Every structure is written in structure tokens, then in C-alpha cells.
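Just so you know, these numbers come straight off a predicted model, no measurement behind them. Lettering of chains follows the sequences in order, A, B, ..., and the numbering in each one begins at 1.
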Protein chains: 6
Amino acid sequence: MRTSVYRKERFNAAHRLHNPLLSDAQNQEIFGKCNNPNYHGHNYEIVVKVTGDVVEQTGYVIDMKILHKILHEHIVEKFDHCNLNLDTEEFKNVNPTAENIARVCYEIIRPKIDASLDLKIYIYETERNYVEFPA
Amino acid sequence: MRTSVYRKERFNAAHRLHNPLLSDAQNQEIFGKCNNPNYHGHNYEIVVKVTGDVVEQTGYVIDMKILHKILHEHIVEKFDHCNLNLDTEEFKNVNPTAENIARVCYEIIRPKIDASLDLKIYIYETERNYVEFPA
Amino acid sequence: MRTSVYRKERFNAAHRLHNPLLSDAQNQEIFGKCNNPNYHGHNYEIVVKVTGDVVEQTGYVIDMKILHKILHEHIVEKFDHCNLNLDTEEFKNVNPTAENIARVCYEIIRPKIDASLDLKIYIYETERNYVEFPA
Amino acid sequence: MRTSVYRKERFNAAHRLHNPLLSDAQNQEIFGKCNNPNYHGHNYEIVVKVTGDVVEQTGYVIDMKILHKILHEHIVEKFDHCNLNLDTEEFKNVNPTAENIARVCYEIIRPKIDASLDLKIYIYETERNYVEFPA
Amino acid sequence: MRTSVYRKERFNAAHRLHNPLLSDAQNQEIFGKCNNPNYHGHNYEIVVKVTGDVVEQTGYVIDMKILHKILHEHIVEKFDHCNLNLDTEEFKNVNPTAENIARVCYEIIRPKIDASLDLKIYIYETERNYVEFPA
Amino acid sequence: MRTSVYRKERFNAAHRLHNPLLSDAQNQEIFGKCNNPNYHGHNYEIVVKVTGDVVEQTGYVIDMKILHKILHEHIVEKFDHCNLNLDTEEFKNVNPTAENIARVCYEIIRPKIDASLDLKIYIYETERNYVEFPA
């Protein structure tokens, strides 16, 4: 039977929900106050779930220190204290909804984790709104 | 790959665990202090998980504002500051255990969410006791 | 310099806010849905703060095991899974607002703690509403 | 003896720490990544503490529903989903540090609370960084 | 459709990560500061998830009081305020990583829960690191 | 009016409560399972509260980055993943109760904070037991 390990990190960022293919009125109707052209922000939490066999020598699925390092280098340093829409390549043409942030983080982290291990990402935008990818 | 979104709401309610088909002694034995005829209460939390494809135009699985509205109208306004046993149709003949509250909330919300989306309900009775339906 | 120690316990109870000296309409106007005659309920948290000198022999202000025992015997066993209005002497003639619950708990616990120690009570009715007595 | 009541609300906002009287290099040195010209953001929590006598008729220091209404109208609706630097009068010429946000909120709320009651504001910028005004 | 119930308990313990088949240098390299020969410790949380059909007579999947009793007798009394490496049979020859603690707890609890019910264990070592078994 | 800022950090450590001037029986009677000669452990949280005037140029009472650095260098690096009784100078002859840990942390940090600022330390041993020094 396989085991899952979870690791949580945080980053604080500004963002704006906006689809450039829609009119301003449509954007306002769909995204409401999240469409504010001057941005708003969140204390995001990312939880990474890695599933695999426990390695007998270590008693680990994956070393948490390595998982922490991957997350720090490739997620926290990239997104923390940023404006997701303006400061990142990833969200230049991608609407930074929690759903899309989770998928983008998955695509960043997936190649850095051994292919024998399954990966899932949780993004907490607030303590009341969060997402999971893949479902 | 599909994505899940979660939304949390709260309601504070009184309840009593009791099965009218059992004797008072049996009810007392099974439900203990939860059988108190004068009721006790909880700060309930409900988390709704909705799973589906991300809509390209919005970057959403489902608009959280709509999910919030459904939960407010059909769960919070119905159950908040109520006595579940006395004030609600739903628990007049259903024992308001966390398990049954989760199933009842599922049956209320399921028809209000598009059939292409999967639905799961979590009910937190306390931070130590919570349930998930369907498993 | 003195030191404070804090200990948290929990109890789940039903209650109703109501002043029998007021009319039903006045009660409804003042207490709103908290006036529901069928009660509602909460997961209450009580935090007790005890301030004094650290005893050299133990390194304690007060033994947490003793504080836990006092709280369990005189607060949790009395109020947990109760209807505060119906099942307790303390709130038969006292409106069980968080403010009054804090004062009542203070009056119960104060004589059980050495007079050289200061005492303060916090009652959390929800994570958003809480009180402190004495201020 | 007086009693304190606490009420918590939330708002999500973007901000940037910057003093226009300093050079860009000085701003960068003092505020680091918080000086990002494109802003970052937080899930802010505000806790308001009101201290006074318990009113005998109600058992309240102040009606939480009224406190909630004041906070919603004058803090949450003003700051939620805003850019504090760009979208608000309050921080046009005030650096939006947590310290200054707490003082500004105090100045907004103080005239709306009866003068016989004491007022204190807590601002949580993250779960690790928070402030209290007045101390 | 089946329902899951969750129950959380806590225990505080010391431990050290170490594989006696490896050299001291290898242990230090793999486990870092977790290899401290003098031990360190954690406030562990265990969450047990039990999945099955809701029993019509009770409205329960399993009585939480029974689940609490099993956890208290067989997990909390065994591990609380212990040194996992020195004071327990279970970890005399098993490296007490969170992954192995979860599996050991599963093996202890599995025979005590009816075979018709599914069982899953979560171990929280810190709020940032936790595991799930079986995945 | 002055302002307070709070900063939280964490460290995980083993400890044992024991007074060498008392007999083993007395130690067992006073400290119970906390006296386990093989140690147990906790996820400690330290919150530092610094009170002073807001500096006009920065909008800060004290720069949180500096406060974080002081805490990391002098508390977290010293105590994290340690056995407080065996691995530290501070608790070689001091019983590591939460009360004494708070005082020791105060004595470490006090000289590193400007004398015009007031300092208070909170130590959370568990979410149910915590202390404050000075009171």
C-alpha cells in the first residue's frame, strides 16, 4: 500500500481576474470586485501531496527537505510578494484564478518529482476558498 | 484532468440525537449526553467540494460567488441559529447526526449544481469530529 | 516580574438570548435570531489566564494538570452538552450572552484559585466573537 | 469590573510599502520585496476590541450585530478587494504598513463607538505578523 | 453511497530519525537535524477516517465515542509523553518517520475496526508536514 | 499612543520536566508523565510582542525582517530540533517548563531590542497550554 506526504508553503501576492477576450462590462459582470484594475491580494497557501512507496532505507516517500527546497526555489521565490499578472511569465496570458494557479504550480513541480510518484496540488486563496488539481 | 474547488460556510445550531423507535434507556445508552432532551449545540462548518473541468472563458470550475449564494440561501439561512430537530422539515424525522446532516445537505445542493459537476459535502461538528458524504 | 499561564477547554451547548422583563417584540428586536425560542448552539471555548510568580521548586505558576482538573470539574462537566438556559442553575435567571458566561465562569473559578494569583476568563462563542472578563 | 468583546472581520487587499520622501534605493533597502512597484497582497484580518460595562438589559457590552455593521460599512466595504495605495483616500499619503492600517482603522471606528467604551484594533497581515493599536 | 467519519486526537512525543544499518555520516546526511542523538519532539495529531454505510438505527457510521476510546487506549496512552524510539515496542526497530508512524497506527487500529469499514490514518507532525496511509 | 507588533516563529524540541533537588518520587508526583526520563517533545511556538512608537520614516515600530532575523539566529537555530535539557546551556540547570522557556527567551532577546521598546514573550507548548512573560 502506498503513502502520501503533504508539505505546505506560503506566498503573498497581488492579482486581478480578467479575460482580455471579453469586454470590460463582461469582465465586471463575471469577476465582480476581483476584476479591480488596481489589483487586490491574498496570503496564498500551497499544499503539495506526493504519493508513492515508502523507501525502506529512509522511511520516507520523499525527503521533506527536498520537497521544501523544490517548493521554495520554484514557487515561493517566483510568486511571493509579486503581482501575479504583471511580474510572472506564467500568468501573463493566463487568468490567475485559484484553479489556474493550481494547474500552473502542478506543471512547474511535476517534472521535478520522480515519475513513479503521484502529485497533487492544493491552493488556498482564503481559508474559505481553495482548490485541488488534479481532482 | 479535472479540478476541485472547495467553499466553506458556517451555521450555529442546536440539536439532539434521538431515535423515537428506541426506548429512552436505549437512546441514553447509544447517544449518551448527545441525547439530552433539552438539546445542546455546535458551530457547524460545511465545506462543499465541486469537481469538474475548468471553463476556459472564466478560469473557474464554478463561480465561487454562485456557490456561496447557493450555500447561503439553501443551507445557512435554513439552519443557522435553529434547532435542527424542532425548526426544520429536514430533521423532523431524521436523526441529526453529522452523517445525516451531510447527506441532507448533499440532497439539497445536488439539484442546484450542474449535473456535469461532482459534489461532495464535509460537515465539521467540532474540530475533532467531521464527516464526508459521499465517501 | 510575574508570568501568566493560559489553559483552553471546550464545551458544546445550546442557549437562547432572552430577557423576561422585556416584551417578545423587544426581545426579537434586540436579540434577533439569537432569541429563537427553540434555542441554537455553539462550540464554546474557554481560556483561563492565571498570573503570578513562578514557583522555584516547580517552574510553574500553577500546575496545568490542576488547572485542567478545576476547569473540567466545574465548567466542562457542568456546561458541556447542556442547554444553558434550561439545564443550569447559573443561567436560570441570567441571560447567557458570552459576556455573562465569562463572568459566571470567573465567579465559579475565582474561589478555587489561590488569592495571590490573578484570574482572567476568555469565552469564544465563535472564532469571530469572543469576550474577556475582567477587562 | 469591565468586560471586553472582540469581533473579527476580513478583507483581501493589495498594497506596496513605499515612502515618497526617500530615494528608490532607500525604499528598496528598507522595505525589500514589500516595495515591489507592482504591489503584492494579503488576506487581512481585523479584530476590534471594545471594553466597557455590561448593560444589564441586554447582557451585552455592545451588540455584536451593530459592531459587525460598523466594521462592514466602514472597513470591509472600503478596503476589501482594493489596492490600498491606489484605491483609498486613507493611504494615498500614508504608507500602508500594518501599524498604519491599525491606526487608520482606529481613527475610522473610534467616532462610531460610544465614548464611554474603550477601543483597540488588531490587524493580522499574516498569521505570523500582526499589530495592536493602541498598545 | 458510503459516508466517511473523521476523528482527531493528539499526542506529544520525542523521536529521532536514524537507520542503524547506515553509518553515522550517512544518517547525518539523510536525516540532518532530525538525526540529533538527543532527540527532538512534536505535538503529533492523528486523524482516523472510517468509511462505511450509515447504520439506520443510530445515524452513525461508527460511534465517535467508541472511536475515541479505541484511539485513546491504543494510540494516545501508548505514545503520549513518550520517546518513540526508546519507550515503545513499535519503534524499537522501525524508524519513526511520519510515514512509518501512520502505518504503525494503521496496523494497531485496523483489527479493532469492523472489517466492513475502510480505514485511513493521517499523521500531522507539524502543521506544514503530514502524511496519509494508505494513500 | 504606542503600537505593538507581534512576530511568530516555531521550533520543535524534546524536553523533560525535572528538579534535581527533589527525589524521583517527588518529581514523579509533581510532573507526572512530563517527568519521563526518556523525554517527550513539542512543536513550540514563540510570539514576540514589541511595543513602541511608529517611526515616521518607515511606518514601522520595528522592521519585521530584523525581528525575524533576531528570532531565527538566537532562538530557532539554538532550540529547534534540540533536546532542551541536554543540548542547551540555558536549560542545563533550569527546568524547561513553558514559564521558564518564556523567561529565558526574554533574557536572550531583551538586550537585542532597543531599550525604548517594550518586550513580551508568549510560548505556546500546545494549542491548549501557553504562557506570557512578563505578565
Using non-hydrogen atoms only, which part of B/Val47 is less than 4.5 Å away from chain A: side chain, backbone, both, or neither?
-> side chain
Under the side-chain contact (heavy atoms from CB on, under 4.5 Å) rule, what do A/Glu132 and B/Lys49 come out as? Steps first, then yes or no, please.
-> CA-CA 10 Å; A/Glu132 172 188 347; B/Lys49 177 188 184 181; 3.4 Å; yes
Does the side-chain contact (heavy atoms from CB on, under 4.5 Å) test come out yes or no for B/Glu45 and A/Arg128, once each step is laid out?
-> CA-CA 10 Å; B/Glu45 293 185 356; A/Arg128 294 196 158 202; over 6 Å; no
Go through the atoms of B/Thr51 and report whether side chain, backbone, both or neither lie under 4.5 Å from a heavy atom of chain A.
-> side chain
Run the side-chain contact (heavy atoms from CB on, under 4.5 Å) check on A/Tyr122 and B/Tyr6 step by step: do they pass?
-> CA-CA 10 Å; A/Tyr122 298 82; B/Tyr6 298 77; 4.2 Å; yes
Minimum heavy-atom distance between B/Thr58 and A/Asn95, given as atom pair plus value = O-ND2, 3.4 Å
For A/Asn100 and B/Val54, run side-chain contact (heavy atoms from CB on, under 4.5 Å): C-alpha distance rounded to whole Å, both residues' side-chain angles, the deciding distance at 0.1 Å, then the answer.
-> CA-CA 8 Å; A/Asn100 283 338; B/Val54 173; 4.1 Å; yes
Which answer fits B/Gln57, side chain, backbone, both or neither, if we ask what part of it has an atom under 4.5 Å from a heavy atom of chain A?
-> both
Roughly how far apart are A/Glu99 CD and B/Ser4 OG, rounded to 0.5 Å?
-> 10.0 Å
Relative to each other, are the rings of A/Phe31 and B/Tyr60 parallel, tilted or perpendicular (30° and 60° limits)?
-> perpendicular
Sort B/Val5 into side chain, backbone, both or neither according to what part of it lies under 4.5 angstrom from a heavy atom of chain A.
-> both
For the student: nearest non-hydrogen atoms of B/Met1 and A/Pro134, plus distance = SD-CB, 3.6 Å
Using a strict cut-off of less than 4.0 Å between a Lys/Arg side-chain nitrogen and an Asp/Glu carboxylate oxygen, indicate whether A/Glu127 and B/Arg7 qualify as a salt bridge.
-> no
Exceeds 12 heavy-atom contacts within 6.0 angstrom, atom NZ of A/Lys69 | no
Please state whether the side chain, the backbone, both or neither of A/Leu17 comes within less than 4.5 Å of a heavy atom of chain B.
-> side chain
Sort A/Ile30 into side chain, backbone, both or neither according to what part of it lies under 4.5 angstrom from a heavy atom of chain B.
-> both
